[in-house]
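In what follows, a single structure is set out as structure tokens and then discussed.
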There are 2 protein chains.
Amino acid sequence: MTSNALTRKLDRWEHLSDDDQVTLAAISGRIEPVARHKQLIEEGDDPRIVFLLIEGWAIRYKILPDGKRQIVAILLPGDLCDIHVFILDRMDHGIAMLTAGKIVRIPKDTMLAVVDQNPAIARALWWTTLVDEAVLREWLVNVGGRNAYARVAHLLCELYVRMGNVGLVTDGRMSLPLTQADLGQALGLTPVHVNRMLSQLRGKGLVTFRAFQLRILDLDGLIAAAGFDPGYLHGKRPERTIGSWSRPRRNSTAKLPESPA
Amino acid sequence: MTSNALTRKLDRWEHLSDDDQVTLAAISGRIEPVARHKQLIEEGDDPRIVFLLIEGWAIRYKILPDGKRQIVAILLPGDLCDIHVFILDRMDHGIAMLTAGKIVRIPKDTMLAVVDQNPAIARALWWTTLVDEAVLREWLVNVGGRNAYARVAHLLCELYVRMGNVGLVTDGRMSLPLTQADLGQALGLTPVHVNRMLSQLRGKGLVTFRAFQLRILDLDGLIAAAGFDPGYLHGKRPERTIGSWSRPRRNSTAKLPESPA
DNA sequence: CGTTAAGTTGAAGGCGCTCAACCGACGTGG
DNA sequence: CCACGTCGGTTGAGCGCCTTCAACTTAACG
């Protein structure tokens, strides 16, 4: 039960030896429960601790000058809340629990020591941060380029794959502890409109979402609606092959608009 | 002239010894010119080389299934095109020159060796990637949460600061080799609307932008229009103090909308 | 049973998009 | 040297996606 979500996740990228697994288990020793909506780090803080999310969901967010909250990442069990933020002097965003859950606090020094002595772990962790960044890029594409309907569908696809990667999808069903307002804040949409888009998705028989349970009824349909291509998640050795991604190869003759001298 | 932009930039974070500077100069040995619009890496490629941008501008972008291009990052002189992407097996985005310029190709192995042997450089590089990610987050906030007017203003603020950080702003003027269409692709707006927003900014006496020259007329006004807070750029030892950022402290009683169990 | 959070639905309005025409600068070639 | 094509920018008119505002329903929980 310890940090299974993390080892399972890392192991999908780079095979971890038993020693490595033990090391990971070791730093995951002191698991502590956290309450729903607990702020783990606030913007402006000096980050000295890395959080490993064992159980529950969390979000990374920023607050706009007018008070609006923009969610910039959704953290699932097994995710690290920025491995190396401590290089920076000041958090430029906050992290908060969405649900109650369990975390491990890893002090900066421990983190550095582990990374120093276990190249395999270091590489695996490195990989996770790059994937985080890739996800961030895709989110930008999502809100920058897709309409509301596809945008919602895309987020659902992503979460479905990521949850599957840590073994938290069973039979097309998964927990999705976000309110429609939360979804809106992640997608740059109003809660009302998120609601309408979800209705549409339900109407087309693609998904249902009630009582924070998401159920995928027609994955291929959802993928098509979203224009989803899981390549950016950089998955390897998928636990279970999901859908039929024959990589919906994009129009390779796509026009690339131009620029000046 | 070599890699001054890079050393100048890195030095702002962590003081680099003469040795470090020499090392950096060494890997910057083979500078090669690149043509305007040259694709440096394409989506799907297996990244084996890191590009250091010496001169000119480049963009990181993704293509949507419908052919639309979303710019996910703007790379200025001194920027590295992802130091460690080679951990990933496959590029999830493309990088292309916007202008003609000069680059250095750094093979993966060289990169690893330098980082291995020069902790100061490693940390400085590490820092740059974290800043890149912070910028990405702010972009997401920008397109997700701001209206078109503030969005344009915000991007201009950011580029102004970043260009200033590498010494490429003189007297409130800088080169900005993006067409209005390019700006639109970075901001999730249409070219026409970017045009109108720029007109408004000009109308209010904040900036002028003609012939790819940006001129800031009223920095404080622009900052206010954008709701800009440079904290996310994690600047240290600014080359020149810019404006009067007394950190427009956000409404600390801002409401944080809630979520479920 | 009363209260609070979340979801649902309707109506109206606006921000940004679409379509389209036109201008100006620049480069090329006849 | 002018004609023309291209590229980027500018402006106008109309439309539609999404927002805003508001009322109401449903679920959870004391």
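Just so we're on the same page: letters track the sequence lines, and every chain starts at 1. From a predicted model like this one, the values you see are computed outputs, not experimental measurements.
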message: Looking at C/dT8, I'd like to know if its phosphate oxygens (OP1 or OP2) sit under 4.0 Å from a side-chain N or O belonging to A/Q180.
response: yes
message: From CD of B/Q213 over to P of D/dG8, roughly how many Å is that when rounded to an integer?
response: 17 Å
statement: Hits for side-chain hydrogen bond (donor to acceptor under 3.5 Å, both in side chains) against B/R146, two or more places apart or cross-chain, chain-then-number order -> B/E138, B/N142, B/H154
field: Difference in axis direction between the ends of the helix from C/dC1-D/dG30 to C/dG30-D/dC1, five pairs, 10°
entry: 30°
- request: For DNA chain D, find the residues of residues 188-203 of chain A with a heavy-atom distance under 4.0 Å and give them by number; none if there aren't any.
  value: A/G188, A/L189, A/T190, A/V192, A/H193, A/R196
task: Using the test side-chain contact (heavy atoms from CB on, under 4.5 Å), find all partners of A/D171 that sit at least two apart in sequence or belong to another chain.
output: none
For B/K38, all residues meeting salt bridge (Lys or Arg N to Asp or Glu O under 4.0 Å), sequence neighbours excluded: none
query: NE2 of B/H37 versus C1' of D/dC7: gap in Å, rounded?
result: 11 Å
message: From CZ of A/F209 over to C1' of C/dT8, roughly how many Å is that when rounded to an integer?
response: 14 Å
Protein-nucleotide distance (B/F212, atom CZ; C/dA25, atom P), rounded to Å: 14 Å
message: My understanding is that only residues two or more places apart in sequence, or in another chain, count here; which of them pass side-chain hydrogen bond (donor to acceptor under 3.5 Å, both in side chains) with B/R105?
response: B/E32
- line: Distance col, row A/D182:CG vs A/I59:CD1, nearest 0.5 angstrom, shows 6.5 Å
- prompt: In whole Å, what is the span from the CZ atom of A/R151 to the P atom of D/dT19?
  reply: 8 Å
- request: Could you state the atom-to-atom distance from CZ of B/R36 to C1' of D/dG8 in whole Å?
  value: 11 Å
field: Partner residues of B/R162 under the side-chain hydrogen bond (donor to acceptor under 3.5 Å, both in side chains) criterion, sequence neighbours left out
entry: B/D79, B/E158
message: Can you pull out every side chain to side chain donor-acceptor pair (under 3.5 Å) where at least one residue sits in residues 202-218 of chain A? Sequence neighbours excluded, please.
response: none
All N/O pairs under 3.5 Å across the protein-nucleotides 24-30 of chain D interface:
none

message: Holding to salt bridge (Lys or Arg N to Asp or Glu O under 4.0 Å), I want the full list of residues that pass it with A/D92, two or more places apart in sequence or in another chain.
response: B/R137
- prompt: Backbone N or O of A/W57 within a donor-acceptor pair of the A/T99 side chain at under 3.5 Å?
  reply: yes
query: To the nearest angstrom, how far is A/N147 atom CG from C/dC15 atom C1'?
result: 16 Å
- prompt: How close or far is atom P of C/dT18 from atom CG of B/D66, stated in whole angstroms?
  reply: 10 Å
field: Contacts of type side-chain contact (heavy atoms from CB on, under 4.5 Å), residue A/V143, not counting sequence neighbours
entry: A/R151, B/L140, B/V143
message: According to side-chain contact (heavy atoms from CB on, under 4.5 Å), who are the partners of B/N195, at least two apart in sequence or on a separate chain?
response: B/Q180, B/S199
